[in-house]
Amino acid sequence: MIYLYDNSIVHDLEQSLAGSSAVRVISPEQIVGIAAQIQNDEIQLPIIALERNDYSIDTDRLNFSRMHFGLQTVIDLKTNDLYYERAIPVTLSYGITILTSNQIDMDEIVKELVFKYTDMYYLPIQLPYESKRRIRFGIRIDTDSIEKRSGASEYIESGQLYQTTVPVVCEGAVLLHYTPVHLKRTAHEVVAE
C-alpha cells in the first residue's frame, strides 16, 4: 500500500513541473534504470528522483480499537459482507534528489520544492481496496537540512553531476487492512402475554 503514496508524490511533482518539459520525475522503481543510463552516459538532465528512506509507526496517532478491531466502513450489497477497516498510522520519509548539469537549474528546482513543501502540502490517494475511497496525507520538508552532495569541483574533476537531496516527511499516512464479516439475517418472534 505504501506505493500509493510514492505514486501520488511523483504524479504531483510531474504536474507541478509540467510547464518545464525538460525536467523528468522518476519514481522509486525507476531509479535503478536511471543509474544504468548514467553509466552509459545516455541521460537527459535535469532529473528529480523520489527515494523512500523508511517508514515508522506513528505512536502519537495510534488508536488501539482502530488498529485491532477496526471500524465498519463498507457494506458489499452483493455478498452481504460488512468490512472492518483496521488502520495503523505511519510516518514516511523520502529524499527528493535533484540531478542537474549546472548550478542555475539546481537552484531553481530546489527553490520551487522549498516553497512548495515548507508548509504542509496535502495530496490524495485513491484506495484500490474494498472501500474505494480517497484519503489525504500531508507532506512537508523534514527538519534536516537540504543536503548538497556534489558541486562544481566534483563535476570538473570526475564528471559527477550536481546533486542535491531535499528531505521530506509524510504525515497522516496509514496502512489499511480490511476484514470481512458476513451479515446473517435472523428473525425473532416476540410473544407478549
Side-chain angles (χ1 to χ4, degrees), residues 1-18 24-34 48-97 113-144 165-193:
M1 173 175 174
I2 300 294
Y3 71 92
L4 296 172
Y5 297 102
D6 299 350
N7 293 345
S8 179
I9 296 168
V10 168
H11 179 71
D12 181 65
L13 285 170
E14 288 172 342
Q15 295 298 319
S16 296
L17 301 168
R24 276 179 58 194
V25 180
I26 305 298
S27 67
E29 294 84 33
Q30 297 170 320
I31 290 175
V32 174
I34 291 299
I48 297 176
L50 180 71
E51 180 182 5
R52 184 180 344 121
N53 297 328
D54 57 0
Y55 65 93
S56 60
I57 294 175
D58 188 353
T59 55
D60 293 337
R61 295 186 309 123
L62 203 57
N63 182 311
F64 182 83
S65 296
R66 191 160 182 218
M67 182 174 68
H68 291 287
F69 305 112
L71 299 173
Q72 301 171 7
T73 54
V74 180
I75 295 177
D76 186 346
L77 299 175
K78 293 179 184 175
T79 62
N80 210 25
D81 285 339
L82 175 66
Y83 287 93
Y84 285 85
E85 180 182 82
R86 294 172 44 204
I88 297 176
V90 293
T91 301
L92 303 169
S93 66
Y94 292 92
I96 300 177
T97 301
L113 293 176
V114 167
F115 275 105
K116 181 175 186 128
Y117 296 127
T118 295
D119 293 328
M120 185 70 69
Y121 185 80
Y122 293 96
L123 294 172
I125 61 170
Q126 181 70 40
L127 296 175
Y129 306 116
E130 287 81 358
S131 68
K132 302 276 191 249
R133 65 186 176 98
R134 293 180 86 178
I135 60 174
R136 288 175 33 143
F137 67 98
I139 182 170
R140 63 171 173 77
I141 289 182
D142 201 357
T143 55
D144 296 339
T165 300
V166 178
V168 295
V169 64
C170 293
E171 296 178 3
V174 291
L175 294 176
L176 298 174
H177 182 269
Y178 291 89
T179 306
V181 174
H182 190 68
L183 296 175
K184 296 179 183 172
R185 183 171 294 199
T186 58
H188 296 284
E189 290 185 22
V190 179
V191 178
E193 294 182 24

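Reckoned from all heavy atoms, side chains included, excluding hydrogens, waters and symmetry mates. We number each residue from 1, following the sequence as shown.
Between Leu4 and Pro128 there is a side-chain heavy-atom pair separated by less than 4.5 Å. When side chains are defined from C-beta on, Ile9 counts as touching Leu13, because their heavy atoms get closer than 4.5 Å. Contact of the Leu123 side chain with the Phe137 side chain is registered, since non-hydrogen atoms from C-beta on lie closer than 4.5 Å. The shortest side-chain heavy-atom distance between Val168 and Asp142 does not fall under the 4.5 Å cut-off. Side chains of Tyr94 and Cys170 form a contact here, defined as non-hydrogen atoms less than 4.5 Å apart. Side-chain contact between Met1 and Leu127 is present, with heavy atoms from C-beta onward closer than 4.5 Å. Side-chain contact between Ile125 and Arg134 is absent, with no heavy-atom pair separated by less than 4.5 Å. Counting only heavy atoms from C-beta outward, the side chains of Asp12 and Lys116 approach each other to under 4.5 Å.
Atom CD1 of Ile57 sits in a sparse spot, with 12 or fewer heavy atoms from other residues, nucleotides or ligands closer than 6.0 Å.
Judged by distance alone, with hydrogens and angles left aside, the side-chain atoms of Thr118 form a donor-acceptor pair with the main-chain N or O of Val114 at under 3.5 Å. In this structure, the side chain of Ser8 engages the main chain of Pro124 through a donor-acceptor pair within 3.5 Å. No donor-acceptor pair under 3.5 Å is formed between the side chain of His177 and the backbone N or O of Ile88.
Nearest heavy-atom pair, Thr79 versus His182, reported as atom, atom and distance to 0.1 Å: O-CE1, 2.9 Å. Contact record, Gly95 with Asn53: N-ND2, 3.6 Å, taken as the closest heavy-atom pair. Arg61 approaches Pro89 most closely through the heavy-atom pair NH2-CB, 3.0 Å.
A salt bridge links Arg52 with Asp6: the distance from a Lys NZ or Arg NE/NH1/NH2 to an Asp or Glu carboxylate oxygen falls below 4.0 Å.
Exactly one residue among Thr179, Leu176, Leu175 makes a side-chain contact (heavy atoms from CB on, under 4.5 Å) with Arg86. That residue is Thr179.
No close placement of the Tyr178 and Tyr84 rings is indicated, their centers lying 6.0 Å or farther apart.
Geometrically, Arg140 does not engage Tyr117 in a cation-pi contact, judged by NZ or CZ lying under 6.0 Å from the ring centre and within 45° of the ring axis.
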Before giving the answer on side chain to side chain contact (heavy atoms under 4.5 Å, CB included), spell out for Ile96 and Ile48 the whole-Å C-alpha distance, their side-chain angles and the decisive distance to 0.1 Å. CA-CA 7 Å; Ile96 300 177; Ile48 297 176; 3.4 Å; yes
